[in-house]
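Values in this document were obtained by computation on a predicted structure and should not be read as measured data. The chain is numbered in sequence order, starting from 1. We use all heavy atoms of the structure for the numbers below, so side chains are in, but hydrogens, waters and symmetry mates are not.
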Amino acid sequence: MRLAGNSAWRWENRVDELVTSAEALSAALVSIEDQRSWNADVELKRALAIEKAAQALGDESLVARARMCQANMRLQSGDVSGASAQIWQVHDWAVAHDDRVLLARTHLVWFYIHQHLSDAEQALEHAVLAVELLDDDATPHMQVWHRTKLADALWAAGSMDAARVRYQQAERLAVQTDSPALLCLLNNYAFTEFETGHQDRAEEVAERLLRLAGERGEELEPAYLDTVGWIQIGNGRFAEAEATMRLCIERHEEGCYDAADGLAMYLLTLARAQRGLGAYERAQSTLDASRAMCQERDLGDLLVRVHQEQAELHAARGEFAEAFAAHKVFFTAYQGRHSLQREARTRTRQAMFETAEAREEAERFREQARRDPLTGLHNRRYVDERLPALIRYDPALAVALVDLDHFKQVNDRLSHNVGDQVLITVADLLAGGLADACPDGFVARMGGEEFLIVLPGAGTRRATAIVDGIRRSIGGHDWSPLTHGLPVTVSIGVATSDEVPAATQTTLLSTADSRLYAAKHAGRDRVVSVTDRWEHASVA
C-alpha cells in the first residue's frame, strides 16, 4: 500500500509523430501534462522532441513547457538532482513572463522533490503555492491533481483534518469534471485515513472507490486494489483481503502495469491476508515468492518489509526462536536501508546546493555584464534587453536622454579622475531622484557622459517635471570639493512612446536625442520635450 502519484504504472509504448504547428505541439504537451501515469523514458523523449520543434518555431512558451515535462519525467525516473537543476530554468522563465500555470507546475515538481527528501515542511510549502497559483487557465486535471497533492502534503505534515478538507474538495471537482484522477485521489484519501488510524473512514472511502469504479465501468489499478486489501486486513476482513489481492495480482499479470516492485508488493500483502486467515503454508509460499522477486530485482526497501513479515509469520506459528532470528535480519536490513536512503538524500541535497550555487554565480555574472563598472548603473546591454518590451506594452512610457554640459572641460582642466568622480556623483543623483519620484523606472549609462532615464507610465507632463527636478538637483549640488568652482549641469531631451508613430527603441531614443540636441542648442542646463511648433524648454 502506498500513495499513488505520477508513476509509470500504465503506458502506451509509442512516441507520437510530431507536427510543426504551435497548436499541435501544445496539444502534445497537454497529453503529457494531464496524465497521471507515464512511462517516464518514453515521455522524456517526446518532451525533448517537442522542445526541438518549439525552438524551430521560436515559441519560448512551448519550449519552457517542454522543459517542465522533461524535469517531471527525470523526477519520475529517479533523477532527482537532474530534475531539480532543470526546474530552476523553467521557474525563472515562468517568473519573468508571469506564467502562473507554469509556475504552479514548477511548485508541484518541487513538492515531489522535497517529498523525496522527507522534508514535509518544504513539500507542504510548495504544494500550497502549486494550488494558490491556479487560475482559470489551469486545466481541470490541474485543479484536481494539485489539490490532491496538497492534501497528501498536509497528511505528511501531520494535519489530517486539513488534508481531509482538501481531499473532499478535490473529489467534488473530480466528480464535476469527470476527471480520470478521481480514483487515484480516492486511493490516496483512503490510504492516509488508514495510516492515521481512522480505519472506519478508510474503509468508507475504499468502498466509495470500489463503487465509483464500477459506476464508471473502470477496472481498478492493482495499486488501488492493494490499498483496499490493506484496509481490509487492518479491519480483520482477511478472506475479503485475500480475494482482493488475488484479483490485484491477476490484473497486474495482464501486463498493462509497469511498476518494477508491483508484483512483489502485492504478493507481500497477499501473504499478510493469508497469515490473518491462519493459512500459514499458503502465506509462507506467497512470501517466498515475494522474497525471490525482491532479490532478483534488487528491491531493497521492499525486502526489508518481507523480512518483517517473515518474523510475524514465525510468531503466528509459535516458532518464537525463528521469529527472533527473522526479526534480527529485519532490523539489520532496516538499518542498512535507512543508511542508504540517508546517503541518497544527502547526495540529492548536495546536488541541489551545487545547482543553486551555480545558478547564483551565473546570475551574479549576468548582473555584472549588465552594469556599468564605473557608476554601478545599468548599461546599454540592459537597456537593449528591457526597453523594447516596455515600449511595446506601455503607451505612457517616457524616456529621457541626459548629457553633461561642457564635460570635456572637467577632464581637461581638472583631470580624468575628477571627471570619473563627477560621473559617479551624477549617477547617484539621477538614481536617487528617480527612485523617489518613479520607483518602477531605471537609469542607465549609455556611454561617456550620456545617461538614459526610463519612466514607465509617466507620460510627457509628469516625466518632464520629474527629470527637471533631477536637473535642478544636479545643478544645485555642492560641487566645490570636486570641481573647485567649475559648474556641473545637464541637458535633457524627453520623448514618450505615445507621441512616436509605431514606436520602437530606435525611434523613441532618436526622438529623445533630437530634443537633447535642442536643449544644447537653446543654451544647455534645461529639459526639452514635445511642443506644437518647435520645442519647449524648461530652465531655472
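A salt bridge links Glu242 with Arg246: the distance from a Lys NZ or Arg NE/NH1/NH2 to an Asp or Glu carboxylate oxygen falls below 4.0 Å. Contact check on Arg105 versus Asp34 returns a salt bridge, with a Lys/Arg side-chain nitrogen under 4.0 Å from an Asp/Glu carboxylate oxygen. Using a 4.0 Å cut-off between charged side-chain N and carboxylate O, Glu221 and Arg251 make no salt bridge.
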Q: Could you walk me through whether Lys45 and Val42 pass the side-chain contact (heavy atoms from CB on, under 4.5 Å) test, one step at a time?
A: CA-CA 5 Å; Lys45 290 176 183 176; Val42 169; 6.0 Å; no

Q: Check step by step if side-chain contact (heavy atoms from CB on, under 4.5 Å) holds for Ile453 and Phe442.
A: CA-CA 6 Å; Ile453 305 175; Phe442 67 88; over 6 Å; no

Q: Using the side-chain contact (heavy atoms from CB on, under 4.5 Å) rule, take Leu103 and Val95 through it: C-alpha gap first, then chi angles, then the decisive distance, then the call.
A: CA-CA 7 Å; Leu103 270 177; Val95 169; 3.7 Å; yes

Q: Just do the side-chain contact (heavy atoms from CB on, under 4.5 Å) check on Leu390 and Val454 with the steps written out, would you?
A: CA-CA 9 Å; Leu390 290 174; Val454 177; 4.0 Å; yes

Q: Starting from the C-alpha separation in whole Å, work towards a yes-or-no answer on side-chain hydrogen bond (donor to acceptor under 3.5 Å, both in side chains) for Tyr189 and Gln168.
A: CA-CA 9 Å; Tyr189 188 5; Gln168 292 168 354; 3.1 Å; yes

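The CD atom of Gln70 lies 12.5 Å from the CZ atom of Arg46; values are rounded to the nearest 0.5 Å. For the atom pair OH of Tyr382 and CG of Leu387, the computed distance is 10.0 Å after rounding to the nearest 0.5 Å. Rounding to the nearest 0.5 angstrom, the gap separating the CG atom in Leu150 from the CD atom in Glu132 is 9.0 Å. With rounding to the nearest 0.5 Å, the separation of NE2 in His126 from OG1 in Thr106 is 8.5 Å. To the nearest 0.5 Å, atom CG of residue Leu75 and atom CG of residue Leu108 are 9.5 Å apart. Put simply, CG on Leu263 and OG on Ser290 are 8.0 Å apart, with the number rounded to the nearest 0.5 Å.
A donor and an acceptor atom, one from each side chain of Asn72 and Tyr112, are nowhere located under 3.5 Å apart. Asn379 and Asp372 share no side-chain donor-acceptor pair at under 3.5 Å. In this structure, a donor-acceptor pair under 3.5 Å is absent between the side chains of His141 and Thr139. Side chain to side chain, Arg65 and Ser26 meet the donor-acceptor criterion of an N or O pair below 3.5 Å. The closest side-chain donor-acceptor pair between Asp59 and Ser61, if any, does not fall under 3.5 angstrom.
Checked against salt bridge (Lys or Arg N to Asp or Glu O under 4.0 Å), Arg100 has the following partners two or more places apart in sequence or in another chain: Asp135. Listed by chain and residue number, nothing satisfies the side chain to side chain donor-acceptor pair (under 3.5 Å) test with Thr177 (two or more places apart in sequence, or in another chain). The ring pair (Phe, Tyr, Trp, His ring centres under 6.0 Å) search around His97 returns Trp93, not counting sequence neighbours. Looking at residues two or more places apart in sequence or on another chain, you find a side chain to side chain donor-acceptor pair (under 3.5 Å) between Arg147 and Gln143, Gln169. Not counting sequence neighbours, Asp136 has no partner by the salt bridge (Lys or Arg N to Asp or Glu O under 4.0 Å) test. Qualifying salt bridge (Lys or Arg N to Asp or Glu O under 4.0 Å) partners for Arg291, counting only residues two or more places apart in sequence or in other chains: Asp288. For Arg67, the salt bridge (Lys or Arg N to Asp or Glu O under 4.0 Å) test picks out Glu51, with sequence neighbours left out. With sequence neighbours excluded, the residues that form a side chain to side chain donor-acceptor pair (under 3.5 Å) with Arg74 are Gln86. Remark: Thr244 pairs with Leu225, Val228, Gln232 by the side chain to side chain contact (heavy atoms under 4.5 Å, CB included) rule, at least two apart or across chains. By the side chain to side chain donor-acceptor pair (under 3.5 Å) test, His307 pairs with no residue at all, sequence neighbours left out.
Contact of the Trp110 side chain with the Glu125 side chain is not registered, since no non-hydrogen atoms from C-beta on lie closer than 4.5 Å. Arg305 is listed as a side-chain neighbour of Leu268, based on a closest heavy-atom distance under 4.5 Å. For the pair Glu193/Met160, a side-chain contact is recorded, criterion being any heavy-atom separation below 4.5 Å from C-beta on. Counting only heavy atoms from C-beta outward, the side chains of Tyr224 and Cys184 approach each other to under 4.5 Å. Using a 4.5 Å heavy-atom cutoff, the side chains of Met68 and Glu33 are not in contact. A 4.5 Å side-chain heavy-atom check between Leu397 and Thr496 finds every atom pair outside the cut-off.
Closest non-hydrogen pair, Cys294 versus Ala264, comes out as SG-CB, 4.0 Å. Met265 and Leu302 get closest at one heavy-atom pair: N-CD2, 3.4 Å. Of all heavy-atom pairs between Ala241 and Gly229, the closest is CB-O, 3.7 Å. Ala271 approaches Glu309 most closely through the heavy-atom pair O-OE2, 4.1 Å. Heavy-atom minimum distance, Ala64 versus Leu102: CB-CD2, 3.7 Å. Residues Ala512 and Ala495 approach most closely at N-CB, 3.7 Å, considering heavy atoms.
Between Trp155 and Phe191, the ring planes lie perpendicular to each other; the angle is over 60°, past the 30° to 60° tilted range. Below 30°, between 30° and 60°, or above 60°: for His91 and Trp88 the angle between ring planes is above 60°, a perpendicular geometry.
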Please output the side-chain donor-acceptor pairs of residues 205-216 that fall under 3.5 Å, not counting sequence neighbours, one pair per line with the distance.
{"unit_1": "Arg208", "atom_1": "NE", "unit_2": "Glu171", "atom_2": "OE2", "d": "2.8"}
{"unit_1": "Arg208", "atom_1": "NH2", "unit_2": "Glu171", "atom_2": "OE1", "d": "3.1"}
{"unit_1": "Arg216", "atom_1": "NE", "unit_2": "Glu218", "atom_2": "OE2", "d": "3.1"}
{"unit_1": "Arg216", "atom_1": "NH2", "unit_2": "Ser179", "atom_2": "O", "d": "2.9"}
{"unit_1": "Arg216", "atom_1": "NH2", "unit_2": "Glu218", "atom_2": "OE2", "d": "3.3"}

Report, one line per pair, each donor and acceptor closer than 3.5 Å where one atom sits in a side chain of residues 501-509; sequence neighbours left out.
{"unit_1": "Thr504", "atom_1": "OG1", "unit_2": "Thr506", "atom_2": "N", "d": "3.4"}
{"unit_1": "Thr504", "atom_1": "OG1", "unit_2": "Thr507", "atom_2": "N", "d": "3.2"}
{"unit_1": "Thr504", "atom_1": "OG1", "unit_2": "Thr507", "atom_2": "OG1", "d": "3.1"}
{"unit_1": "Gln505", "atom_1": "NE2", "unit_2": "Asp384", "atom_2": "OD1", "d": "2.7"}
{"unit_1": "Thr507", "atom_1": "OG1", "unit_2": "Thr504", "atom_2": "N", "d": "2.8"}
{"unit_1": "Thr507", "atom_1": "OG1", "unit_2": "Thr504", "atom_2": "O", "d": "3.1"}

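Within the 3.5 Å criterion, the main-chain N or O of Pro395 finds a donor-acceptor partner in the side chain of Ser497. The backbone N or O of Gln122 lies less than 3.5 Å from no partner atom in the side chain of His114, so there is not a single donor-acceptor pair. Side chain of Ser21 to main chain of Ala24: a donor-acceptor pair is present (N/O by atom type, distance under 3.5 Å, no hydrogens or angles). Using a distance-only test at 3.5 Å, with no hydrogens or angles considered, a donor-acceptor pair links the side chain of Arg371 to the main chain of Gly376.
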